[in-house]
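Some notes on the structure that comes next.
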Amino acid sequence: SKLTDSVSPFSFAEVEAILESEFGEAHSVLFSEIESTPVAAASIAQVHRAVVRETGEKIVLKIQRPGINKAVQTDIQILYRLASALERLREEFKLLNTTAIVQEFQRSINEELDFTLEARNLDLFAKNMSAQEGVIFPKPLWAFTTKKVLAMTCMEGSTLSQVKDIPSNVDRKYLTESLVSFFFESIFFHGLFHADAHPGNILLQTEGRGRLVLLDFGMVGTLNADLRNKLSKIFLSLVSQDFDALAQTYVEIGEFGRNFSVRDFQRDVADFLRPQLGKPLREIPLGQLMLDSTRIARKYQVRVPRDLILFYRSMITLESIGRRLDPDFEFLSYGQSFARDLMRRRFSAEEIFRDLLKTFEGLRSLGTELPSQVRSIVHRLESDDLNFGSKQREFIVKELRRMN
């Protein structure tokens, strides 16, 4: 909250210089009006309202802070040194994979520094999530977008981080369900999700039942089909409270230490989660849950895959926003409803056909490539290239021929 609320804006003279540098002409040629005082100022950029001269359309311009690229790269090197030192200091930090966290952050923030990527993300989300009503987001204007300037449609509302009292007409449950639905659909159905949805990046519109406006799509997470499928298994195991299946799927995703018992891990996961499922948000001790999960990770020497870092971060942020909007919201009840849609999607004719194609392609490759690979191995074994004794070599050649 301090970071998002306490960043000093840079001068309007610098804004004018950036616009002229990016577009090759004075801003007055493109815009009939630009407010000199920014609507918001953050660490990477600040936002100014403007009016397009040719059409009279009201827009906002997100303008990159001068010198931010150099400052970011310096900070990242400091973070790498700290992460590396922490991993050498204690085993817990090595298991938390702190250097991978910094690596993921570096990739994400480098993408944030290119505003054309954020504009592309907005277009992708508009394509994927066109049916959403409770959660909306701006549209990019490509004619006025460069790497350092992003033009978007103007979205009104109050920043959620600064809203003290939500008006009584606003349907809190509806907004929370809409937000959770937005994230679940983007994660499980599309594999592309907003990875920086803190309250400073969300506007609240209070007309009617209310709406949430998501801003800042510079940091997004992506999940490939395999990882998305495994996360779906985890989600379905959670809502059905099938802790054995949940633990088994984690075994498929994570990296565990040598002295590892699946049965013990299943028992610890069940003891850890069972008391919390079904509670409303206000009764779930998030901090304690995170500490307990770290202890389990330490016990079994689990390393968190790099691809899941932004996913976990988004879930924690989502829980925080949900707690603010509707403390009585029950994730389990909603999750069971969403699980039905997820099952229908997973076992739809389209998904099954796609899986069959993938399977047949794998079998085709196996049938055409394996014999030549085995023959190559046999040839090497019959030669003196590999350091085996004659009896071992004779046995291996015999077995490989039989298998081939």
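No experiment lies behind these values; they were computed from the predicted model shown. Values below: all heavy atoms of this structure, side chains included; hydrogens, waters and symmetry mates excluded.
- Under the salt bridge (charged side-chain N to carboxylate O under 4.0 Å, His left out) criterion, no residue pair touches residues 172-195, with sequence neighbours excluded.
- The salt bridge (charged side-chain N to carboxylate O under 4.0 Å, His left out) contacts involving residues 62-79 comprise K62-E118, K62-D216, where partners must be two or more places apart or lie in separate chains.
- Residue R53 qualifies as enclosed at atom CZ: its count of foreign heavy atoms under 6.0 Å is above 12.
- Annotation: the span from L223 atom CG to N229 atom CG amounts to 11.5 Å, rounded to 0.5 Å.
- Within the 4.5 Å cutoff, the side chain of V220 has no heavy atoms near those of the L117 side chain.
- Around atom CD of E252, more than 12 heavy atoms belonging to other residues, nucleotides or ligands sit under 6.0 Å away.
- Side-chain atoms of Y174 never come within 3.5 Å of backbone atoms of R209 as a donor-acceptor pair (strictly under, hydrogens ignored).
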Would you check, one step at a time, whether the test side chain to side chain contact (heavy atoms under 4.5 Å, CB included) holds for Q205 with I136? CA-CA 10 Å; Q205 295 182 344; I136 59 174; 4.0 Å; yes
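- Qualifying salt bridge (charged side-chain N to carboxylate O under 4.0 Å, His left out) partners for R228, counting only residues two or more places apart in sequence or in other chains: none.
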Let me see the working for L203 and T159 under side chain to side chain contact (heavy atoms under 4.5 Å, CB included), right down to the final yes or no. CA-CA 4 Å; L203 300 179; T159 307; 3.8 Å; yes
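- Remark: side-chain polar atoms of E87 are paired, donor with acceptor, to backbone N or O of T99 under 3.5 angstrom.
- A pairwise comparison of heavy atoms in F23 and A143 identifies CE2-O, 4.3 Å as the closest pair.
- The aromatic rings of F189 and F338 lie parallel to each other, their planes meeting at an angle below 30°, with 60° marking the opposite boundary.
- Pairs of residues two or more places apart, or lying in two chains, that qualify as salt bridge (charged side-chain N to carboxylate O under 4.0 Å, His left out) and include a residue from residues 155-165 are R49-E156.
- Using a 4.5 Å heavy-atom threshold, the side chains of F182 and L214 count as touching.
- Of all heavy-atom pairs spanning A197 and T317, the tightest one is O-CG2, 3.1 Å.
- Taking CD of Q266 as the start and CG of D242 as the end, the distance is 9.0 Å to the nearest 0.5 Å.
- Pairing each heavy atom of T206 with each of P167, the nearest pair is CG2-CG, 3.7 Å.
- Separation of atoms CZ (F93) and CG (L82) is listed at 10.5 Å; rounding is to 0.5 Å.
- Interatomic distance, I76 CD1 to N110 CG, rounded to the nearest 0.5 Å: 5.5 Å.
- A distance-only check finds a donor-acceptor pair linking the side chain of N169 to the backbone of G208 [under 3.5 Å].
- Side-chain contact check for V51 versus I59: every heavy-atom pair is 4.5 Å or farther apart.
- With R324 contributing its side chain and P199 its backbone, the two residues share no donor-acceptor pair below 3.5 Å.
- Counting heavy atoms from C-beta outward, P138 and T153 have side chains that approach closer than 4.5 Å.
- If you take CZ on F217 and CG on N201, they are separated by 9.0 Å, rounding to the nearest 0.5 Å.
- When atom types are taken as modelled, the side chain of Q46 and the backbone of F10 share a donor-acceptor pair closer than 3.5 angstrom.
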Applying side chain to side chain contact (heavy atoms under 4.5 Å, CB included) to L246 and L273, what does each step give before you reach the verdict? CA-CA 11 Å; L246 175 67; L273 288 174; 3.4 Å; yes
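- Between L141 and E57, the closest side-chain pair of non-hydrogen atoms falls below 4.5 Å.
- A search for salt bridge (charged side-chain N to carboxylate O under 4.0 Å, His left out) contacts involving R267 returns D264, not counting sequence neighbours.
- When only modelled atom types and interatomic distance are considered, Q73 and N69 share a side-chain donor-acceptor pair under 3.5 Å.
- For T116 (side chain) and K147 (main-chain N/O), no donor-acceptor pair under 3.5 Å exists by modelled atom type.
- Side-chain N or O atoms of S237 include one that pairs as donor or acceptor with a backbone N or O of K233 at under 3.5 Å.
- Within the 4.5 Å cutoff, the side chain of L175 has no heavy atoms near those of the D326 side chain.
- Here the shortest heavy-atom pairing between V163 and S158 reads CG2-CB, 3.8 Å.
- Side chain of S186 to backbone of F193: no donor-acceptor contact under 3.5 angstrom is found.
- With contacts defined as side-chain heavy-atom distances shorter than 4.5 Å, the pair Q64/I18 does not qualify.
- Two residues are said to be in side-chain contact when any heavy atoms from C-beta on lie closer than 4.5 Å; H194 and F137 fail this criterion.
- A salt bridge between D226 and K230 is present, with a side-chain N of the basic residue lying under 4.0 Å from a carboxylate O of the acidic one.
- In this structure, F183 has its ring center at least 6.0 angstrom away from the ring center of F235.
- Smallest separation of non-hydrogen atoms from F12 and I34: CE1-CG2, 3.8 Å.
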Side chain to side chain contact (heavy atoms under 4.5 Å, CB included) between V180 and F329, worked out: CA-CA 11 Å; V180 174; F329 184 76; 4.0 Å; yes
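- Looking at residues two or more places apart in sequence or on another chain, you find no salt bridge (charged side-chain N to carboxylate O under 4.0 Å, His left out) involving E54.
- In plain terms, the two heavy atoms of N121 and G218 that are nearest each other are ND2-O, 4.2 Å.
- Here the side chain of H190 pairs no donor or acceptor atom with the backbone of L192 at under 3.5 angstrom.
- Atoms CD1 and CD1, from I44 and I109 in turn, are 4.0 Å apart once rounded to the nearest 0.5 Å.
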